[in-house]
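Remarks on the structure that follows.
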Amino acid sequence: MANLYKILFIFTLTAYLNCFSNEIGLIKINSAITPSSSSQIERAIKWAKEINAKALIIQLNTPGGLLESTREIVQNILNSEVPIVVYVAPSGARAGSAGVFITLSAHIAAMAPGTNIGAAHPVGLQGNIDSTMNEKIVNDATAFIRSIAQQRNRNVQWAEMAVRESISSTEQEALENNVIDFIAPDLDSLLKSIDSFEVSTSKGKIILNTKNGKIIEYQQTLRDKFLDLITNPNVAYILLLIGIYGVLFELYNPGSILPGVVGILCLILAGYSLQMLPVNYAGLALIVLAIILFLLEIKITSYGLLTIGGLISLIIGSLMLIDAPGEFMKISLTLIITAVVATFVFFTFVITLGIKAQFRKKSLGFESLLGTEGRVIEDIYPDNKGKIIVKGEIWNAISDQYIPKDTYVIVEKANSFTLFVKPK
């Protein structure tokens with residue numbers, strides 16, 4: 001019975017403390033919106049609920065990102081039981097493109113001085129698209145942002161223009177146009193501004209108590225950091241190239257083992273990375289073609305033609321590989337040039353070795369004696385064999401002319417242990 005009272009006391013005390021706890025969660029997003037960003041925000045919302053946070057602040061600074069990841073983030077925010085505050089900060093930050101959707105979906109939207117929001121016009125992720133398809137994409141994005149603005153009682157007309165006409169606004173203009181709720185220079189002033197503000201969550205209406213709130217920042221897990229790393233297009237590209245080089249080296253030097261193992265591991269990681277990125281399959285096909293041409297160069301002596309074709313295919317494929325809506329999601333041109341130059345140097349080395357091998361004098365068998373010098377130790381007649389010594393060995397020799405003993409000769413042909421010679 002005493003234990004039961006003890007459990008009830010602890011439960012009551014915990015519930016009481018939770019009522020008076022004033023913790024505010026914080027997650028910072030300072031990059032393009034990717035599957036990694038979506039995953040982090042989803043986990044941060046769950047974490048904020050677990051610690052009984054009064055609100056979760058998403059400090060946002062993004063140029064934009066992937067529409068699919070944006071939809072996932074917006075869905076998580078709209079269905080959150082914890083009040084979500086999107087704060088575009090610090091000064092100089094922006095909520096561009098995908099950032100507009102996320103900011104408008106928040107229960108409370110705020111911006112720091114010197115920030116801007118807008119330019120949400122969707123960019124096709126699959127290369128050039130016709131006008132009809134472009135209109136469908138724009139209409140879909142417009143309907144999406146309009147529904148968000150209506151649900152949060154924000155300026156629907158401004159939201160639609162941000163998509164259709166790519167308009168942008170400063171923090172002051174955004175406040176005047178009912179795009180955001182507050183302008184706050186820092187987190188402390190933000191907490192004071194939103195104190196006593198009423199919001200409607202999926203759980204019901206909540207009045208915020210944040211004036212003396214304690215901010216606790218969400219810490220990235222190893223999984224978050226790993227996803228952040230490999231969903232970077234440049235890292236995915238590097239993994240792909242290391243994988244290719246590792247496999248090629250293993251094929252060129254069978255039994256090396258380590259390059260093959262590293263290569264396959266990198267290819268698996270690259271495959272996982274590219275699966276999470278907007279990949280152009282034509283670009284990927286060109287890179288695969290480059291690999292095939294490089295493999296053929298190892299097996300077939302084309303004197304560099306296959307390698308040149310492979311390099312051209314690699315360059316075009318690398319430029320096309322990531323079909324992102326902006327430069328912030330594309331593979332660095334410097335990285336592509338470096339990779340192509342490294343590939344060229346590697347295969348030039350391989351080709352050089354191949355060409356040298358083609359012209360290298362044979363070191364085994366009869367052919368290794370062709371062009372070598374010998375000395376006659378038994379007279380040679382046109383109709384009779386004589387003997388010569390070549391490389392310390394005695395051979396039968398014939399010639400179409402008489403060659404006396406002690407004459408030096410050159411081996412012209414070899415057949416059935418008989419050498420055809422002529423005088424030096």
Side-chain angles (χ1 to χ4, degrees), residues 14-31 37 40-62 73-74 76-95 99-117 148 151-154 169-220:
T14 302
Y16 177 80
L17 291 174
N18 281 338
C19 289
F20 290 93
S21 66
N22 216 14
E23 294 176 338
I24 311 295
L26 171 67
I27 179 173
K28 295 180 179 179
I29 302 295
N30 293 304
S31 60
S37 310
Q40 283 186 57
I41 290 175
E42 181 180 4
R43 279 195 291 276
I45 292 173
K46 290 178 181 177
W47 163 78
K49 183 181 177 182
E50 288 169 2
I51 66 170
N52 198 37
K54 297 302 181 185
L56 174 67
I57 299 173
I58 301 174
Q59 185 171 306
L60 187 64
N61 177 21
T62 180
I73 293 170
V74 169
N76 283 317
I77 291 174
L78 293 178
N79 291 288
S80 172
E81 294 182 9
V82 178
I84 306 296
V85 181
V86 172
Y87 179 41
V88 183
S91 295
R94 58 174 167 164
V100 179
F101 293 82
I102 296 169
T103 304
L104 292 180
S105 68
H107 297 101
I108 299 174
M111 296 173 69
T115 56
N116 65 282
I117 184 173
I148 295 170
Q151 185 165 347
R152 294 303 187 210
N153 295 316
R154 306 197 194 283
S169 298
T170 64
E171 80 285 353
Q172 193 61 49
E173 292 168 344
L175 183 64
E176 292 170 0
N177 287 314
N178 188 31
V179 176
I180 62 172
D181 302 299
F182 299 102
I183 295 175
D186 52 45
L187 287 170
D188 287 337
S189 62
L190 175 64
L191 294 184
K192 291 176 183 176
S193 298
I194 66 176
D195 185 55
S196 302
F197 199 86
E198 184 179 84
V199 298
S200 295
T201 68
S202 61
K203 197 175 181 180
K205 290 187 178 182
I206 295 175
I207 297 176
L208 296 178
N209 177 23
T210 60
K211 190 173 183 180
N212 298 310
K214 178 185 177 184
I215 292 178
I216 302 175
E217 186 171 350
Y218 172 77
Q219 298 299 319
Q220 280 189 321

Qualifying residues under side-chain contact (heavy atoms from CB on, under 4.5 Å), relative to [X], sequence neighbours excluded:
| X | value |
| --- | --- |
| I215 | I24, L26, L187, L191 |
| Q151 | L78 |
| N76 | E42, I45 |

With [X] via side-chain hydrogen bond (donor to acceptor under 3.5 Å, both in side chains) - residues at least two apart:
| X | answer |
| --- | --- |
| S169 | W158 |
| S189 | D186 |
| Q220 | Q40, D228 |
| E81 | K49 |

In short, side chain to side chain donor-acceptor pair (under 3.5 Å) pairs touching residues 100-115 with sequence neighbours left out are H107-R152
Quick note, side chain to side chain donor-acceptor pair (under 3.5 Å) partners involving residues 195-204, not counting sequence neighbours, are none
[Y] side chain reached by [X] side chain, heavy atoms, under 4.5 Å:
| X | Y | value |
| --- | --- | --- |
| Y218 | L56 | no |
| E23 | N52 | no |
| N116 | E173 | no |
| I58 | I77 | yes |

Going by the ring pair (Phe, Tyr, Trp, His ring centres under 6.0 Å) test, which pairs reach into residues 188-214, not counting sequence neighbours? F182-F197
For the student: nearest non-hydrogen atoms of A112 and S91, plus distance: CB-N, 4.2 Å
